[in-house]
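One structure below.
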Amino acid sequence: MKLKLIQSDITTIKTDAIVNAANTSLLGGGGVDGAIHRKGGTEILEACRKIRAKQGKCNPGEAVITTAGNLSAKYVIHTVGPVWNQGGKDKEMLLANCYINSLKLAVENDIKTIAFPNISTGIYKFPKELAAKIAIETVKSFQQEQIEEVIFVCFDKENYNRYDKLLRI
Ligand code: AR6
């Protein structure tokens, strides 16, 4: 499994799957979630509504998969990051679960390339350095030959530089 780092808007990425930093409602929001639904179109929202009707809300750390609508990717994997709030080990575990459960869904759906945003580090205020460490360690320890490439997509230069440094260690 190859790890790649880029600074970009995740809605432009042509991987088998892109990951969305969603909320428990699965029905859209701001940040990367808003961008994915805006560009991906109503097909994604419709698919999310069906999942909601079937299973109810999506809990933090869990993930679901839908079409990518009008986006270049084939699928969107929606995962719900933890809200940092007071922080704590449980929040760290939930963030790791976002990466693990997204990768598990990728394997189940024969996805070979997957792109992750910096889950929870925007509106949910997870400390960026800790989030980057958890993201990299969790992906690295997910041993799965079927996934060929995992791309960390950083929106801003600051996070890109942070990942770049951590990936060299
Ligand atoms: N491409 C890549 N990364 C992006 C993009 C983009 N187009 N837009 C923002 N980011 P956030 P969260 C980065 O707030 O903290 C939504 O309302 C951003 O710079 O999108 O998990 C949901 O519905 C940051 O580093 O997600 C939830 O309610 C990272 O993506 C809530 O926000 C995550 O920021 C989730 O909050």
Can you list every salt bridge (charged side-chain N to carboxylate O under 4.0 Å, His left out) pair that touches residues 89-99, not counting sequence neighbours?
Lys89-Glu92
Would you please name every residue forming a side-chain contact (heavy atoms from CB on, under 4.5 Å) with Lys157, sequence neighbours left out?
Gln7, Tyr160, Asn161
Fellow cluster residues of Phe155, listed by chain then number, with links counted only when side-chain atoms sit under 4.5 Å apart
none
Treat each ILVMFWY residue as a node, draw an edge where side-chain heavy atoms are under 4.5 Å apart, and state whether Leu3 and Ile10 are in one component.
no
Indicate the atoms forming the closest heavy-atom contact of Leu5 with Cys154, along with that distance.
CD1-SG, 3.8 Å
side-chain contact (heavy atoms from CB on, under 4.5 Å) with Leu105: of Val19, Thr79, Ile77, Ile100, only one passes, and it is Ile77
Starting from Leu45, walk the hydrophobic network (Ile, Leu, Val, Met, Phe, Trp, Tyr; side-chain heavy atoms closer than 4.5 Å) and list everyone else you reach, by chain and number.
Leu27
Can you list everything that forms a salt bridge (charged side-chain N to carboxylate O under 4.0 Å, His left out) with Glu137? Sequence neighbours excluded, please.
none
Yes or no on side-chain contact (heavy atoms from CB on, under 4.5 Å) for His78 and Val76, after CA distance, side-chain angles and deciding distance?
CA-CA 6 Å; His78 307 260; Val76 175; 3.5 Å; yes
Cluster companions of Met93 among Ile, Leu, Val, Met, Phe, Trp, Tyr (side-chain spacing under 4.5 Å)
none
Scan the side chains in residues 110-122 for donor-acceptor partners under 3.5 Å anywhere in the protein, sequence neighbours excluded, and list what turns up.
{"from": "Asp110", "atom 1": "OD1", "to": "Lys112", "atom 2": "NZ", "distance (Å)": "3.3"}
{"from": "Thr113", "atom 1": "OG1", "to": "Asp16", "atom 2": "N", "distance (Å)": "2.9"}
{"from": "Asn118", "atom 1": "OD1", "to": "Asn159", "atom 2": "ND2", "distance (Å)": "2.8"}
{"from": "Asn118", "atom 1": "ND2", "to": "Tyr163", "atom 2": "OH", "distance (Å)": "3.4"}
{"from": "Ser120", "atom 1": "OG", "to": "Pro82", "atom 2": "O", "distance (Å)": "2.9"}
{"from": "Thr121", "atom 1": "OG1", "to": "Asn118", "atom 2": "O", "distance (Å)": "2.7"}

Can Ile13 be reached from Leu167 by stepping across I, L, V, M, F, W or Y side chains whose heavy atoms are under 4.5 Å apart?
no
Do the side chains of Ile44 and Val153 join up, straight or via other hydrophobic residues, at under 4.5 Å, putting them in one cluster?
yes
Can I get a per-line list of side-chain donor-acceptor pairs under 3.5 Å for residues 50-64, giving both atom names and the distance, sequence neighbours left out?
{"from": "Arg52", "atom 1": "NH1", "to": "Ser25", "atom 2": "O", "distance (Å)": "3.1"}
{"from": "Glu62", "atom 1": "OE1", "to": "Asn59", "atom 2": "N", "distance (Å)": "3.3"}

What heavy-atom pair brings Tyr99 and Thr138 nearest, and what distance separates the two atoms?
CB-CG2, 3.9 Å
Starting at CG of Leu71, measure out to NZ of Lys14 and round the result to the nearest 0.5 Å.
11.5 Å
By side-chain contact (heavy atoms from CB on, under 4.5 Å), which residues pair with Met1, not counting sequence neighbours?
Val139, Ile147, Val150
Would you find a donor on one side and an acceptor on the other, under 3.5 Å apart, between the side chain of Asn23 and the backbone of Gly28?
yes
Using a 4.5 Å side-chain heavy-atom cut-off and chaining through intermediate ILVMFWY residues, the residues clustered with Val83 come out as Ile123, Tyr124
Could you tell me which non-hydrogen atom of Ala47 sits nearest to which non-hydrogen atom of Thr67, and how far apart they are?
CB-CG2, 4.3 Å
Going by atom type alone, with no hydrogens or angles, which donor-acceptor pairs under 3.5 Å involve a side-chain atom of residues 127-136 and a protein atom two or more places apart or on another chain?
{"from": "Glu129", "atom 1": "OE1", "to": "Arg162", "atom 2": "NE", "distance (Å)": "2.9"}

Shortest non-hydrogen contact from Lys140 to Ile169?
NZ-O, 4.0 Å
May I have the list of side-chain donor-acceptor pairs in residues 32-42 shorter than 3.5 Å, sequence neighbours left out?
{"from": "Asp33", "atom 1": "OD1", "to": "Asn20", "atom 2": "ND2", "distance (Å)": "2.7"}
{"from": "Asp33", "atom 1": "OD2", "to": "Gly29", "atom 2": "N", "distance (Å)": "3.2"}
{"from": "Lys39", "atom 1": "NZ", "to": "Thr11", "atom 2": "OG1", "distance (Å)": "3.4"}

State plainly whether one hydrophobic cluster holds both Phe126 and Val80, where clusters connect Ile, Leu, Val, Met, Phe, Trp and Tyr through side-chain heavy atoms under 4.5 angstrom apart.
no
To the nearest 0.5 Å, tell me how far Thr66 OG1 sits from Glu43 CD.
9.0 Å
Do Thr15 and Tyr75 have side-chain heavy atoms sitting under 4.5 Å apart?
no
